[in-house]
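Take a look at the structure below.
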Protein chains: 2
Amino acid sequence: MVKFSKKLEYALISLRHISNAGNEVIRVRDISEKYNIPHDLLAKILQKLKNSKILISSQGINGGYTLNRKLNEIPLSELMMIVENTTTIAECFHNDDKTCTIIDSCTIKDPLSKIQTEFENILKNKMISDFV
Amino acid sequence: MVKFSKKLEYALISLRHISNAGNEVIRVRDISEKYNIPHDLLAKILQKLKNSKILISSQGINGGYTLNRKLNEIPLSELMMIVENTTTIAECFHNDDKTCTIIDSCTIKDPLSKIQTEFENILKNKMISDFV
DNA sequence: TAAAATCGGACTAATATAGTCGTATTTTAA
DNA sequence: TTAAAATACGACTATATTAGTCCGATTTTA
């Protein structure tokens, strides 16, 4: 069955928590303990969110994370890319003005790719705020 | 990344092929060879489709499969359940007439379940014919 | 009756996900 | 100034899922 990953769930839980905390700086440990998420695993997920500018981090003894972008402006697809290290599938140029140069190797032709493409389009229109 | 399985793809390819063949009986070997799909694996997938009444099989030397239902009447979600041995997620009774009896343990509360539920609703409205 | 098809359980291999470990760096309060 | 506590990050291990294989049984018909 198609499943969404734990990493995605941990990211969503964290973003909700940090978002609800307003300007307060949130430590990895705070989230890890409250929601029973492995600390090291969560730490890496939040690092990725920081590297992609969704969170802001501060190191040191009073360090932690705060939000850098509004959750209703971040598509779910973007979050999935970030936490799961995947790149977007190739854009399809097989459009009306006949600019497609990759017809021979076009992956959209097979059924699974059609599903995958349609699915990813759906995810682009779902914002994180819709789920937390 | 969320991915759809090879089994689902093999099922879709097979259904398209059998559908296009009209009344002709199609052998596992025909599909297996034409699309380079492992024979034994494909055989089991088609067996499942037969057990769930999407295909009709005949055994023996001239045996094979034919279609039993129209592809535009089979939701993608149903096909996924069949080929991947999964059961549907629990129906949510948390509806207007307040008949929900599982609020305390309701899994829809966490973000991932919200996504999963929405996603499965989408799949119910996509028919196999939309993808093959 | 032999060939060729489906039937189906048990098994193995490959891949992806989840989680752990160790060490470095940064910051700040005592 | 130094110890504590936080993030930073690569490498590693464990677990779960998916993909594929193997082998024998049953069914049908030329």
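All chains are named by letter (A, B, ...) in the order of the sequence lines, taking the proteins before the strands, and each is independently numbered beginning at 1.
Distance, A:Ile26 CD1 to D:dT7 P: 11 Å, rounded to whole Å. As a whole-Å value, the separation of B:Asp30 CG from C:dA5 P is 8 Å. Rounded to whole Å, atom C1' of D:dC9 lies 14 Å from atom CG of A:Leu46. Atom pair B:Ile56:CD1 and C:dA5:C1' shows a separation of 17 Å (rounding to whole Å applied). Taking atom CG of residue A:Leu41 and atom P of nucleotide D:dC12, one finds them 18 Å apart after rounding to whole Å. If you take CD1 of A:Ile45 and P of C:dA18, they are 9 Å apart, rounded to a whole angstrom. Rounded to an integer number of Å, the gap from B:Glu9 CD to D:dT18 P is 15 Å. Taking atom CG on B:Leu49 and atom C1' on C:dT6, their separation rounds to 14 Å, with Å as the unit.
Side-chain N/O atoms of B:Glu84 and B:Ser5 include a donor and acceptor closer than 3.5 Å.
For the side-chain contact (heavy atoms from CB on, under 4.5 Å) with A:Glu78, the lone residue among A:Glu73, A:Arg69, A:Met127 that qualifies is A:Arg69. Considering A:Leu46, A:Ile31, A:Asn20, A:Ile128 as possible partners of A:Leu15, the one that fulfils the side-chain contact (heavy atoms from CB on, under 4.5 Å) test is A:Ile128. Just one of A:Val25, A:Leu67, A:Thr66 meets the side-chain contact (heavy atoms from CB on, under 4.5 Å) condition when paired with A:Ile56; it is A:Thr66.
For D:dA8, the OP1/OP2 oxygens have a side-chain nitrogen or oxygen of A:Tyr65 closer than 4.0 Å. Residue B:Arg27 has no polar side-chain atom (N or O) positioned under 4.0 Å from OP1 or OP2 of C:dA4. For B:Lys3, a side-chain nitrogen or oxygen approaches OP1 or OP2 of C:dA16 to under 4.0 Å. Checking the phosphate oxygens (OP1, OP2) of C:dC7, a side-chain nitrogen or oxygen of B:Lys50 falls inside 4.0 Å. Phosphate proximity of D:dT7 to A:Ser58: absent, as no side-chain N or O sits under 4.0 Å from OP1 or OP2. A close approach under 4.0 Å does not occur between any side-chain nitrogen or oxygen of B:Asn51 and OP1 or OP2 of C:dC7.
The 5' end of DNA chain C is approached more closely, in terms of each residue's nearest nucleotide, by B:Ser57 than by the other of B:Ser57 and A:Ile61.
At the heavy-atom level, A:Tyr10 lies under 4.0 Å from the strands shown only through sugar-phosphate atoms.
Taking the six-membered ring for Trp and thresholds of 30 and 60 degrees, A:Phe119 and A:Phe4 have ring planes inclined between 30 and 60 degrees apart.
With D:dT21, C:dT27, C:dC7 as the candidates, the nucleotide lying closest to the side chain of B:Gln59 is C:dC7. For B:Lys6, taking side-chain heavy atoms from C-beta onward, the closest of the listed nucleotides D:dG20, C:dT6, D:dC9 is D:dG20. When distances are taken from the side chain of B:Lys44 to each of D:dA8, D:dG20, C:dA10, the shortest belongs to C:dA10. Distance from the side chain of A:Asp40 is smallest for C:dG22 among the nucleotides C:dG22, C:dG8, C:dA18. Of the candidate nucleotides C:dT28, C:dA10, C:dA18, C:dT28 has the atom lying nearest to any side-chain atom of A:Asn62. Nearest to the side-chain atoms of A:Ser5 among the listed nucleotides C:dC21, D:dT28, C:dT17 stands C:dT17.
Scanning both residues, B:Leu42 and B:Ser32, for their nearest heavy atoms gives CD2-N, 3.6 Å.
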